[in-house]
Amino acid sequence: MSNLLPLQAVLNARASVPGGDMAAGRRGCPLSDLRDRLRRAGLRPTRQRLSLGWLLFGRGDRHLTAEMLYDEAMRAKVPVSLATVYNTLHQFTEAGLLRQLALDGSKAYFDTNPSEHHHFFLEDEGQVLDMPDCGITVDSLPDAPEGMEIAGVEVIVRLRRRGPVARKA
Ligand SMILES: [Zn+2]
């Protein structure tokens with residue numbers, strides 16, 4: 001199901017990673033990289049932050065809600081509450097490690113790639129996909145209000161699956 005190493009094994013064995021696959025092509029130990037990354041972002045690398053950070057950042061760019069991360073933590077036997085997951089996600093976001101996406105009023109999605117990019121959102125499935133780099137150009141923007149400048153533009157293109165029978169309006 002997942003190519004994550006067993007979390008406890010990783011947390012307990014600080015140096016080389018058993019199995020090796022995951023670390024192939026990376027410099028050093030992913031866990032000490034993560035520890036450094038948290039420190040550089042001004043966060044103390046507590047066990048909980050390391051555990052959740054490992055789940056978040058160990059598998060490339062991802063988009064997930066607190067509930068999704070909580071489910072993963074439960075499966076990985078990380079003893080955290082949903083409230084801790086929420087708090088940690090918000091701390092990571094404030095520290096610039098994650099970006100919160102405004103996709104759906106009812107749920108916050110967090111992106112492990114904090115740089116500016118655009119998204120597809122599959123509304124029915126609640127799934128978020130990165131748009132290819134060349135996917136969109138925004139070449140006509142209104143002037144920012146007096147005293148303001150545009151800091152960034154993020155586009156969300158909402159998708160739905162085509163039904164077997166095309167409905168006409
Ligand atoms: Zn993204």
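Indexing begins at 1, ligand by ligand and atom by atom, following the structure's order. For clarity, every value in this text was computed on a predicted model and none was experimentally measured.
- Nearest N, O or S atom of D130 to the Zn ion (ligand 1): atom OD1.
- Checking D111 against the Zn ion (ligand 1), an N/O/S atom falls under the 2.8 Å cut-off.
- Screening L97, L34, L98 for a side chain to side chain contact (heavy atoms under 4.5 Å, CB included) with L56, the sole residue that qualifies is L98.
- Of all N/O/S atoms in H117, NE2 sits nearest the Zn ion (ligand 1).
- When each of H117, R99, H118 is tested with E154 by the rule side-chain hydrogen bond (donor to acceptor under 3.5 Å, both in side chains), just one qualifies, namely R99.
- Surrounding CD of E116 are more than 12 heavy atoms belonging to other residues, nucleotides or ligands, all under 6.0 Å away.
- The two atoms that bring G60 and T112 nearest to each other are O-OG1, 3.4 Å, heavy atoms only.
- The angle that H119 NE2 and H63 NE2 make at the Zn ion (ligand 1), rounded to 10°, works out to 100°.
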